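These numbers come from a predicted model, not from an experiment.
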Amino acid sequence: MDSGFDQDRTHGDGVAYARERDDDDPLSSFRDRFDVPGKLYLDGNSLGPISDAAERSLDRAVEEWRTMGISGWTDAERPWFWYGESLGDDLAPLVGADEDEVVVANSTTVNIHTLVGTFLDARGDRPPGILVDELDFPTDHYALRAQLRQRGYDPDEHLHVVESRDGRTIAEADIVAALEEREVGIAFLPSVLYRSGQRLDVERITAAAHERNVLAGFDLAHSVGVVPHELSAHGVDFAVWCSYKYLNAGPGAIAGLYVNERHLGTTPALAGWWGHEKETQFEMRERFTPADSAGAWQIGTIPVLSAAPLAGALELVDEAGIDAIRAKSLALTSYLVHLVDDKLAELDCSVGTPREPEERGGHVAIEHPDAERVSQALRDRGIVVDFRQPNVIRVSPAPLYTRFVDVWEFSERLQAVLEDDAYETVDTDGTVS
């Protein structure tokens with residue numbers, strides 16, 4: 001996909017280029033639909049801001065609770081009894097799946113537990129080993145190690161870790177080699193690495209896994225809502241994601257999961273009454289009968305007020321179109337990479353994110369020897385970014401509410417902080433946003 005960034009034209013154009021791009025931006029009107037905190041909000045890969053649509057859908061659920069009470073389970077505009085399946089239907093196009101393969105449920109970590117546990121239990125002739133990479137978000141490894149322990153396997157022996165060659169990225173060739181060389185039954189990898197923003201080739205990894213009778217699962221937390229997916233077409237076995245980053249559904253919003261149709265009917269490892277077949281759920285049978293869809297991996301009663309904002313948030317994503325969102329995202333990140341190279345390289349800044357557009361997700365990792373204090377200095381000035389150990393300032397120009405001029409202004413603010421040594425007086429307490 002073309003990044004949409006004319007690098008030759010920007011040299012020397014200054015802010016004029018950014019303003020021109022904003023004038024021509026087909027998604028520019030969406031910014032007015034969000035309440036964007038701070039002077040510059042560039043942390044949407046951690047938590048997206050509230051939109052008018054998300055607020056309306058939350059308000060609607062509150063009003064239904066107020067006026068309907070328990071009748072909301074059947075009589076709400078979206079009956080709460082089917083809320084997870086209904087929102088799953090809305091999400092399915094974003095991940096390239098059939099409606100029955102997607103449901104909104106649980107939290108991301110709980111979904112890792114139940115799906116990985118399910119496929120460990122139903123592994124057939126596959127070995128119990130799980131392939132991961134050393135740059136994963138830590139909760140993924142916590143959950144995987146726990147699932148191995150609960151089945152009597154030593155995680156130190158059965159969790160196979162693909163190491164990074166440079167501390168930033170994972171070579172896909174090393175993943176493929178590990179699938180060949182190690183005793184692996186499940187590969188569970190991120191679609192986009194949370195620190196560097198590297199995007200892995202889901203199709204290539206899935207095909208390589210299946211050639212070796214290995215199941216392919218993915219954590220889409222840092223790609224859903226900003227990168228298009230084709231999970232069903234690529235034959236991915238299962239996937240999980242959160243909805244509070246690029247989907248902008250609010251802090252702690254409900255998560256989602258995907259299970260390929262060929263696995264539907266498999267008994268979930270963590271069974272709960274909300275995953276029971278709907279037709280007989282209230283017969284209160286003593287034995288669990290799983291739904292014949294991804295809904296079987298729901299566990300407890302859906303938290304309606306944590307799910308409601310997602311309904312409105314998805315309306316905006318659908319209206320904008322995921323392909324247009326991806327095109328603008330690539331243009332914004334390409335522009336940011338250019339500005340770092342052009343204005344900040346002499347101030348000890350470098351780009352730790354792959355430069356090839358198709359190899360990155362929606363954020364850019366800017367590396368600096370004193371990144372923690374620099375990040376705090378920016379936040380003190382109303383520029384919301386975040387810091388990741390050991391030396392990364394993560395900057396996320398989320399397409400629905402970030403302008404090109406915001407990226408330009410960020411580069412100016414960062415340049416000023418570095419040139420004035422303003423960060424050297426900043427005290428940090430070791431916390432991260």
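Pairs engaging residues 114-142 under the ring pair (Phe, Tyr, Trp, His ring centres under 6.0 Å) rule: Phe119-Phe238, Phe119-His263, Phe137-Tyr194 [sequence neighbours left out].
Atom CD of Gln281 is separated from atom CZ of Phe288 by 9.5 Å, given to the nearest 0.5 angstrom.
Under 4.0 Å is where a charged nitrogen must lie from a carboxylate oxygen, and between Arg262 and Asp237 at least one such pair does. Using a 4.0 Å cut-off between charged nitrogen and carboxylate oxygen, Glu63 and Arg60 do not count as a salt-bridge pair. One finds a salt bridge joining Asp90 and Arg78 here, because a Lys/Arg side-chain nitrogen approaches an Asp/Glu carboxylate oxygen to under 4.0 Å. Salt-bridge formation is not detected for the pair Glu409/Lys39: no Lys NZ or Arg NE/NH1/NH2 atom is positioned less than 4.0 Å from an Asp or Glu carboxylate oxygen. Salt bridge absent: Arg373 and Asp427 never bring a charged side-chain N and a carboxylate O closer than 4.0 Å. A salt bridge does not link Asp386 with Arg379: none of the charged nitrogens is closer than 4.0 Å to a carboxylate oxygen. Asp323 and Arg326 are not joined by a salt bridge, as no carboxylate oxygen comes within less than 4.0 angstrom of a charged side-chain nitrogen.
Here Trp73 and Phe282 keep their ring centres 6.0 angstrom or further from each other. Ring centroids of Tyr335 and Tyr17 are separated by less than 6.0 Å, placing the two rings close together. You'll find the ring centres of Trp274 and Tyr83 outside the 6.0 Å limit. In summary, the aromatic rings of His229 and Phe218 are positioned with their centroids too far apart to meet the 6.0 Å limit.
Ring geometry for Phe34 against Tyr401 counts as tilted: the plane angle lies between 30° and 60°, on a 0 to 90° scale.
Side-chain atoms of Thr169 and Ser196 include no donor-acceptor pair closer than 3.5 Å. In summary, the side chains of Thr301 and Trp273 do present a donor paired with an acceptor at a separation below 3.5 Å, with no hydrogens or angles considered.
Exactly one residue among Glu172, Glu359, Glu358 makes a salt bridge (Lys or Arg N to Asp or Glu O under 4.0 Å) with Arg199. That residue is Glu358.
No side-chain donor-acceptor contact under 3.5 Å links Asp292 to the backbone of Gly265.
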